[in-house]
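Below, read A as the first sequence line, B as the second, and so on, with proteins coming before strands; counting in each chain starts at 1. Computed from heavy atoms alone, side chains included, the values below leave out hydrogens, waters and symmetry copies.
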Amino acid sequence: MKLKEEVNKVIASAFDKAGIDTAPIPVTEATKPEFGDYQFNGAMALAKALKQNPRQIAQTIVENLDLNGIITKAEIAGPGFINLWLNDTFIAQKAAEARADERIGVMERERPVKVVVDYSGPNMAKQMHVGHLRSTIIGDTLANLLSFLGDDVIRQNHIGDWGTQFGMLIAYLEEMGEDGSGSLKDLEQFYKDAKARFDADEVFADKAREYVVKIQSGDAHCLNLWKKFIDISLGHCEEVYEKLDVNLSRDDVRAESFYNDTLAKVIEDLDSAGMLKESDGAQCIFLEGEEIPVIVQKKDGGYLYATTDLAALYYRANVLGAKRISYVVDARQGGHFKQVFRVAKEAGFVPEDVRLEHVAFGTMMDKNGKPFKTRDGGTVKLIDLLDEAIVRAKEAITAKDNYSPEELERLAKIVGIGAVKYADLSINRESNYVFDWDKMLSFEGNTSLYMQYAYARIQSIFRKYEGALSGEIEISDTLEHRLAVMLLRFEDILIRAADDAAPNQITTYLYELVTLFMRFYEKNPILKEGVDEKTRTSRLLLADLTARTIKQGLNLLGIQVVERL
RNA sequence: GCACUCGUAGCUCAGCUGGAUAGAGCACCCGCCUUCUAAGCGGGCGGUCUCAGGUUCGAAUCCUGACGGGUGUACCA
């Protein structure tokens with residue numbers, strides 16, 4: 001439910017009753033439990049406009065407040081804060097409703113938006129490396145989240161399958177004279193070998209250059225080789241996606257090459273819009289206030305990534321009809337997107353009301369604050385990183401229990417991959433973050449294992465409990481009150497996280513939720529002797545809703561839960 | 001040089017549209033298991049929010065400047 005909106009309505013109606021006629025000022029979550037559940041700080045802001053003392057204004061609002069329904073207590077504090085406590089009966093009822101709902105009370109948007117989320121974007125000439133991790137999982141989370149909220153999400157995997165390097169690669173593939181399944185196992189090595197061949201042999205190099213032209217002109221033989229190459233390379237990516245448990249399929253692939261035929265049109269349109277200017281033989285757009293031009297066509301006639309991006313923007317806005325287009329790409333490309341978005345709007349490729357955003361993220365660092373590399377300085381292959389996560393997860397969880405080998409394998413996969421994802425997604429995406437195995441696979445603090453553990457503990461309660469789960473929720477103390485309010489805030493959190501494209505708002509919420517639950521559970525026994533039936537039922541219901549909220553939250557992050565840990 | 005971005009506890013990080021005494025985890029110290037998973041919970045220690053101005057009833061948050069780190073800067077993506 002949209003809890004905050006409910007509280008805002010109560011305030012707004014008090015404004016009406018009091019005859020205060022101003023734009024609505026929203027409440028905020030209370031900064032401390034002593035200050036209630038929500039606080040209204042608008043009295044101070046209104047003081048000047050109303051020419052009244054803020055405490056007096058607060059007094060007027062409180063006097064006109066309906067204290068019988070949602071809010072049970074309102075207190076004026078300090079210079080004019082109004083602290084608001086939610087009614088236990090109200091939250092108990094809403095929590096029960098949420099629990100009875102498959103979507104735990106989260107509504108689908110009344111006005112869904114068509115959104116394109118562009119993420120992952122691996123290069124077909126190379127193996128996926130850790131640099132692709134963040135784009136892939138942040139993008140996947142954003143897509144999951146928007147989709148859950150009811151938006152019409154179109155996932156777009158803008159793979160790099162076009163460019164001069166492919167001439168060399170397919171020439172080499174042909175020379176190897178096989179279907180590629182052998183030598184293409186290691187793309188990194190294949191690329192190196194092809195490059196070595198290219199540098200050493202003039203005849204081969206000429207052929208490679210010739211093949212570039214041939215692919216572009218649609219030569220059947222070369223196109224076939226190219227398709228084979230892309231197919232195998234994409235297969236590697238899919239292995240990673242599957243291991244990562246990410247919702248990307250071939251249907252989501254809209255490769256660079258897809259836009260190839262429209263690039264000439266882009267140049268034409270830019271030209272007729274009067275935006276093109278030749279500079280050093282290249283076709284450029286000079287934007288007001290920008291030092292560097294956007295180059296859309298090289299002096300040799302070739303196109304650049306800005307050209308492809310413009311074509312993609314046109315396609316997404318006009319053919320797909322997106323109203324929001326999100327690019328989940330490394331922060332270092334900020335300048336590029338800033339310019340391309342401006343060009344797209346100024347040239348009319350994208351209507352004014354379409355929201356274009358660069359969902360930027362920082363670099364992954366090692367413990368010493370250096371970019372994450374292998375010991376010998378190479379890039380870390382993503383698949384290796386994931387395999388290591390699984391191995392380490394295995395070590396971490398065997399420390400306590402004995403599992404069968406199959407069960408251990410299954411758990412380690414969920415836990416290990418989940419830990420990698422959670423560690424990444426729990427950091428504010430715009431900052432660089434330090435990759436640390438130990439922290440990642442710790443059970444303490446804001447980690448996936450702390451969440452998994454809490455979830456498993458709750459499942460354990462239900463394994464032991466024999467009765468049916470029905471009855472009412474009754475809030476019996478402050479901890480239960482806070483837990484219930486936290487549970488009801490879920491939708492508000494998701495909406496904001498979706499709008500800000502900020503997965504860490506979800507993890508922060510989950511951490512707070514779980515911490516509250518742990519405290520509640522410590523203090524308020526459920527199955528122990530001496531707990532009366534009604535109290536037990538109520539607590540079971542709260543525990544159930546908590547577990548389902550944890551599960552839903554983690555699922556949105558692309559993380560599975562385990563029933564036992 | 002210019003542009004962008006970051007600077008919060010010893011370390012890793014939260015801190016939402018400005019709100020009350022700046023929050024977590026780790027590390028360190030001290031408590032709590034005959035009973036629902038102690039991989040948990042409680043308590044303690046630890047801060048001039050880089051610095052200096054400004055706006056405001058109120059600034060870690062907004063503005064200006066300085067200092068420090070990162071990144072980007074014309075035909076790669």
Side-chain angles (χ1 to χ4, degrees), chain A residues 25-26 28-32 34-35 39 41 44-45 47-48 54 77-81 83 121 123 125 158 160 162-165 256 279-284 289-300 302-306 308-309 329-336 338 360 362-363 365 367 369 371 396-397 399-401 426-428 430-434 436 438-439 442-447 449-450 452-454 456-465 492-493 496-497 499-500 502 504-505 507-508 511-512 515 518-519 521-523 525-531 539 543 564-565:
Chain A
I25 302 170
T28 59
E29 286 80 23
T31 49
K32 288 179 182 192
E34 307 94 274
F35 300 153
Q39 52 180 274
N41 304 328
M44 278 86 76
K48 214 170 241 174
F81 298 102
N83 296 331
N123 188 325
H158 190 83
W162 209 241
T164 51
Q165 57 205 340
E256 273 177 34
S279 176
D280 291 337
Q283 292 299 322
C284 305
E290 293 284 337
E291 212 177 327
I292 294 144
V294 180
I295 304 176
V296 288
Q297 191 168 25
K298 298 192 275 189
K299 61 180 163 211
D300 69 3
Y303 303 113
L304 290 115
Y305 71 130
T308 313
D309 275 341
V329 181
D330 193 299
R332 283 173 285 202
Q333 290 189 43
H336 165 71
K338 192 178 156 208
T363 313
M365 304 294 203
K367 269 187 174 170
I397 58 184
K400 191 183 179 189
D401 261 304
S426 63
I427 302 297
N428 181 336
E430 297 197 56
S431 47
N432 296 343
Y433 88 103
V434 177
D436 180 349
D438 296 331
K439 196 185 154 198
S442 157
F443 280 83
E444 287 149 350
N446 188 8
T447 62
L449 285 183
Y450 182 72
Q452 295 281 13
Y453 178 65
R457 274 184 93 172
I458 298 174
Q459 297 317 305
S460 165
I461 301 171
F462 286 103
R463 277 194 294 273
K464 294 205 162 77
Y465 177 69
D492 286 340
I493 299 294
R496 210 167 63 89
D499 195 46
D500 297 348
N504 78 309
Q505 291 178 15
T507 61
T508 301
Y511 182 54
E512 283 172 16
T515 304
M518 289 291 201
R519 293 174 59 192
Y521 189 49
E522 196 78 22
K523 187 167 157 284
I526 298 178
L527 298 182
K528 290 184 183 179
E529 301 253 330
V531 181
R539 289 179 183 165
R564 209 189 285 265
L565 190 60

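Residue A:Asp499 is out of contact with every strand shown, counting any heavy-atom pair closer than 4.0 Å. Residue contacts for A:Glu444: at a heavy-atom cut-off of 4.0 Å it reaches the sugar-phosphate backbone alone, with no base atom in range. Across all strands, A:Met518 comes closer than 4.0 Å only to sugar-phosphate atoms, never to a base (heavy-atom distances). At the heavy-atom level, A:Lys338 lies nowhere under 4.0 Å from the strands shown. At the heavy-atom level, A:Asn446 lies nowhere under 4.0 Å from the strands shown. Within 4.0 Å (heavy atoms only), A:Ala77 reaches at least one base atom of the nucleic acid. At the heavy-atom level, A:Ser279 lies under 4.0 Å from base atoms of the strands shown. Base engagement by A:Phe35 is indicated by at least one non-hydrogen atom pair under 4.0 Å involving a base atom.
Taking atom CG of A:Asn41 as the reference point, atom C1' of B:A59 lies 14 Å away to the nearest angstrom. Atom NZ in A:Lys528 sits roughly 11 Å away from atom P in B:U34 (whole-Å rounding). Separating the CD atom of A:Gln39 from the P atom of B:A20 is a distance of 7 Å, rounded to the nearest angstrom. Atom C1' of nucleotide B:U37 and atom CD1 of A:Ile458 are separated by 12 Å, given to the nearest angstrom. Here the C1' atom of nucleotide B:C57 and the NZ atom of A:Lys48 are 8 Å apart, to the nearest Å. In this structure, A:Glu430 places its CD atom 10 Å from C1' of B:C6, rounding to the nearest Å.
In this structure, of B:G19, B:G42, B:U37, it is B:U37 that holds the atom nearest to the side chain of A:Tyr521. Closest approach to the A:Tyr453 side chain among B:C36, B:C75, B:A38 is made by B:A38 (side chain taken as heavy atoms from C-beta onward). For A:Ser460, whose side chain is taken as the heavy atoms from C-beta onward, the closest listed nucleotide among B:U37, B:A20, B:G25 is B:U37. For A:Glu522, taking side-chain heavy atoms from C-beta onward, the closest of the listed nucleotides B:A74, B:G40, B:G42 is B:G40. For A:Ile526, counting side-chain heavy atoms from C-beta on, the closest listed nucleotide (B:A20, B:C36, B:A74) is B:C36. Comparing B:C41, B:C57, B:C76 by their closest approach to the side chain of A:Tyr450 singles out B:C41.
Put simply, the side chain of A:Asp309 and the base of B:A77 share no donor and acceptor less than 3.5 Å apart. For A:Tyr305 and B:A77, a side-chain-to-base donor-acceptor distance below 3.5 Å is present, hydrogens and geometry of angles not being considered.
Evaluation of A:Phe81 against the base of B:A20 yields a stacking contact (centre distance < 5.5 Å, interplanar angle < 30°).
Remark: A:Lys464 is in phosphate contact with B:U37, judged by side-chain N or O atoms under 4.0 Å from OP1 or OP2. At the phosphate of B:G70, neither OP1 nor OP2 sits under 4.0 Å from any side-chain N or O atom of A:Arg332. OP1 or OP2 of B:G40 has not a single side-chain nitrogen or oxygen of A:Arg457 nearer than 4.0 Å.
Relative orientation of the A:Tyr453 and A:Phe443 rings is perpendicular, given thresholds of 30° and 60° on the angle between their planes.
Place A:Met365 and A:Tyr511 on RNA chain B by their nearest nucleotides, and A:Tyr511 ends up nearer the 5' end. Along RNA chain B, the nucleotide closest to A:Glu256 and the one closest to A:Cys284 are compared, and the more 5′ of them pairs with A:Cys284.
Nucleotide B:G72 forms a pair with B:C2, judged by Watson-Crick or G-U wobble geometry with both contacts under 3.5 Å.
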### Query
In the 5'-to-3' direction, what one-character label does each nucleotide of nucleotides 12-17 of chain B receive under the scheme B = base within less than 4.0 Å of a protein heavy atom, S = sugar-phosphate only, - = no such atom?
SSSSBB
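With C1' as the reference atom, B:U61 and B:U55 are 14 Å apart, rounded to whole Å. The gap from the P atom of B:C13 to that of B:U50 amounts to 15 Å, rounded to the nearest Å. For the P atoms, the distance linking B:G44 with B:G54 amounts to 37 Å, nearest Å. Taking atom C1' in both B:C6 and B:U12, the straight-line distance is 16 Å, to the nearest Å. Using C1' as the reference atom, B:A74 and B:A14 are 40 Å apart when rounded to the nearest Å. When the C1' atom is compared between B:G58 and B:G18, the two are found 8 Å apart, to the nearest whole Å. Spacing between B:A24 and B:G46 at atom C1', rounded to whole Å, works out to 13 Å. If you take atom C1' in B:A20 and the same atom in B:C57, they sit 13 Å apart, rounded to whole Å.
One finds the CD atom of A:Gln452 at 6.5 Å from the CG atom of A:Leu565 (value rounded to the nearest 0.5 Å).
The shortest heavy-atom contact between A:Lys439 and A:Thr447 is O-CG2, 3.6 Å.
A heavy-atom distance below 4.5 Å is found between the side chains of A:Thr31 and A:Gln39. The closest side-chain heavy-atom distance from A:Gln505 to A:Asp500 is below 4.5 Å. Within the 4.5 Å cutoff, side-chain heavy atoms of A:Arg457 are placed close to those of A:Met518.
Panel note: side chain A:Asn123, backbone A:Ala125; a donor-acceptor pair is recorded below 3.5 Å.
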### Message
Would A:Glu256 and A:Tyr305 count as a side chain to side chain contact (heavy atoms under 4.5 Å, CB included) here? Give the steps.
### Response
CA-CA 9 Å; A:Glu256 273 177 34; A:Tyr305 71 130; over 6 Å; no
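A:Thr507 is linked by a side chain to side chain contact (heavy atoms under 4.5 Å, CB included) to A:Tyr422, A:Ser426, A:Asn446, A:Asn504, A:Leu557, counting only residues two or more places apart in sequence or in another chain.
Residues A:Tyr511 and A:Tyr450 bring their aromatic ring centres within 6.0 Å.
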